[in-house]
Q: 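Attaching a single structure in structure tokens format; questions to follow.
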Number of protein chains: 2
Amino acid sequence: MTSPANLKNMGLKATLPRLKVLELFEHHEKQHLTADDVYRMLINEQIDIGLATVYRVLTQFEQAGLLIRHHFDSEKAVYELNAGQHHDHLVCLQCGHVEEFYDEEIERRQNMIAEQRGFAIHDHSLHLYADCKRDACPRRSPHK
Amino acid sequence: MTSPANLKNMGLKATLPRLKVLELFEHHEKQHLTADDVYRMLINEQIDIGLATVYRVLTQFEQAGLLIRHHFDSEKAVYELNAGQHHDHLVCLQCGHVEEFYDEEIERRQNMIAEQRGFAIHDHSLHLYADCKRDACPRRSPHK
DNA sequence: AGGCGCATGAGAAGTATTTGCAAATACGGA
DNA sequence: TCCGTATTTGCAAATACTTCTCATGCGCCT
């Protein structure tokens, strides 16, 4: 999993900050993290890391294809581990909870549309904004 | 079109800055503008306006449903006139050119997916990033 | 173990956007 | 048409997020 070899194979030295950041994404249940999330969590683990380093590492990992960057609605970028298979997102407007989905037909039509217009599609992002049904969602929390 | 009544009907005083901003969106061929675009264009028209005001007005118009805000790929938000009918966007990664499209089937499947999971969909954004075919696109401009 | 060179941390610098505030303005009433 | 007042505006300073600068530190090859 989180072995130095992983990093070295992609031309990056296996430094402590990089190992820790990668580990965080691999072992944490919350899969979408902002730079600040990562920074705070590592600081909490007594790891001496700088916010600038977090940003640098996230960018490097993204370029290396290890992480994927999203923007959802807010100003801040969130990163998730690149699990290999593409998916889109359903984001709760109340609590920020994110669910993933994949729809063959939607993908197909996207490609068709781009093709019809002579565009060479590189990438796409599809976000559905809604209210989720989790108990933790403030929308459902009974007043008080 | 750009009449004071439009603004008054939505509870906003028909001030010069607001009229001018609205006019810009209604009469300009480029339909997706950033706050800075709007600011610069009005300054060029000899209109004394502050950037802060542009931001405030854009926000007010968005809340009033007159404009729609998008984020596309970059950090900066772009606004477009709310023409009433929803559409998604195809964005050129090279020149920033934006084309709009609408696909009944994609919309249908989005709703279906949200429904299946018990989500109440509020909104969605679908962006296809690709290379466009316009002559102006730097990708096609034969090297110098 | 030793040394070169990339990587790091801290803070400054940059963007994009928001806010505080005094001066300017819209607009209904006189 | 002129006023009063509540809004709105422009400016500058403040935020929020991200990137850059640079002196120091650490990974990695020998």
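Just the heavy atoms: all of them, side chains too, but no hydrogens, waters or symmetry mates, feed the values below.
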Q: Check whether the side chains of Asp88(A) and His127(A) place a donor and an acceptor atom closer than 3.5 Å, and report yes or no.
A: no

Q: Need one value for Lys76(B): base, sugar-phosphate or nothing, where a base atom within 4.0 Å counts as base even if backbone is also close, heavy atoms only.
A: sugar-phosphate

Q: Expressed as a whole number of angstroms, how long is the span from Lys20(B):NZ to dT9(D):P?
A: 14 Å

Q: Which listed nucleotide (dA16(C), dT7(D), dT9(D)) is nearest to the side chain of Pro17(B)?
A: dT9(D)

Q: Take the protein atom NZ of Lys13(B) and the nucleotide atom C1' of dA26(C), then report the distance between them rounded to whole Å.
A: 5 Å

Q: Can you find a side chain N or O atom of Arg18(A) that sits less than 4.0 Å from OP1 or OP2 on dG27(D)?
A: no

Q: Just to confirm, is there a sub-4.0 Å distance from OP1 or OP2 of dT8(C) to any side-chain nitrogen or oxygen of Thr15(A)?
A: yes

Q: Within this structure, what is the CG-to-C1' distance between Leu12(A) and dT8(C), rounded to whole angstrom?
A: 14 Å

Q: State plainly whether one hydrophobic cluster holds both Leu33(B) and Tyr55(B), where clusters connect Ile, Leu, Val, Met, Phe, Trp and Tyr through side-chain heavy atoms under 4.5 angstrom apart.
A: yes

Q: Residues of residues 35-53 of chain A with any non-hydrogen atom less than 4.0 angstrom from an atom of DNA chain C: list those, numerically ordered, please.
A: Asp48(A), Ile49(A), Gly50(A), Ala52(A), Thr53(A)

Q: In a check of ring pair (Phe, Tyr, Trp, His ring centres under 6.0 Å) between His124(B) and each of His70(B), His86(B), His87(B), which one passes?
A: His86(B)

Q: Flag the pair Phe72(A) / His71(B) as yes when their ring centroid distance falls below 6.0 Å, and as no otherwise.
A: no

Q: Would Leu19(B) and Met10(B) show up in the same hydrophobic cluster when neighbours are defined by side-chain heavy atoms closer than 4.5 Å?
A: yes

Q: Side-chain N or O of Tyr55(A) less than 4.0 angstrom from OP1 or OP2 on dT18(D)?
A: yes

Q: Quick check for you: among dC27(C), dT8(D), dC28(D), whose closest atom lies nearest to any side-chain atom of Ala14(B)?
A: dC27(C)

Q: Nearest-Å distance, CZ (Arg69(B)) to P (dT18(C))?
A: 6 Å

Q: Measure distances between side-chain N and O atoms of Arg56(A) and base N and O atoms of dG9(C), and say whether any donor-acceptor pair falls under 3.5 Å.
A: yes

Q: Write down the distance between NE2 (His70(B)) and C1' (dA16(C)), rounded to a whole number of angstrom.
A: 19 Å

Q: Check Glu105(B) with Arg109(A), please: is the shortest side-chain N to carboxylate O separation under 4.0 Å?
A: no

Q: In whole Å, I'd like the distance from the CZ atom of Phe72(B) to the P atom of dA16(C).
A: 16 Å

Q: For Lys30(B), is there any backbone N or O sitting under 3.5 Å from a side-chain donor or acceptor partner on His28(B)?
A: yes

Q: Whole angstroms only, please: what is the CG-C1' distance between Leu7(B) and dA26(C)?
A: 12 Å

Q: Atom CG of Leu16(B) and atom P of dC27(C): how far apart are they, to the nearest Å?
A: 11 Å

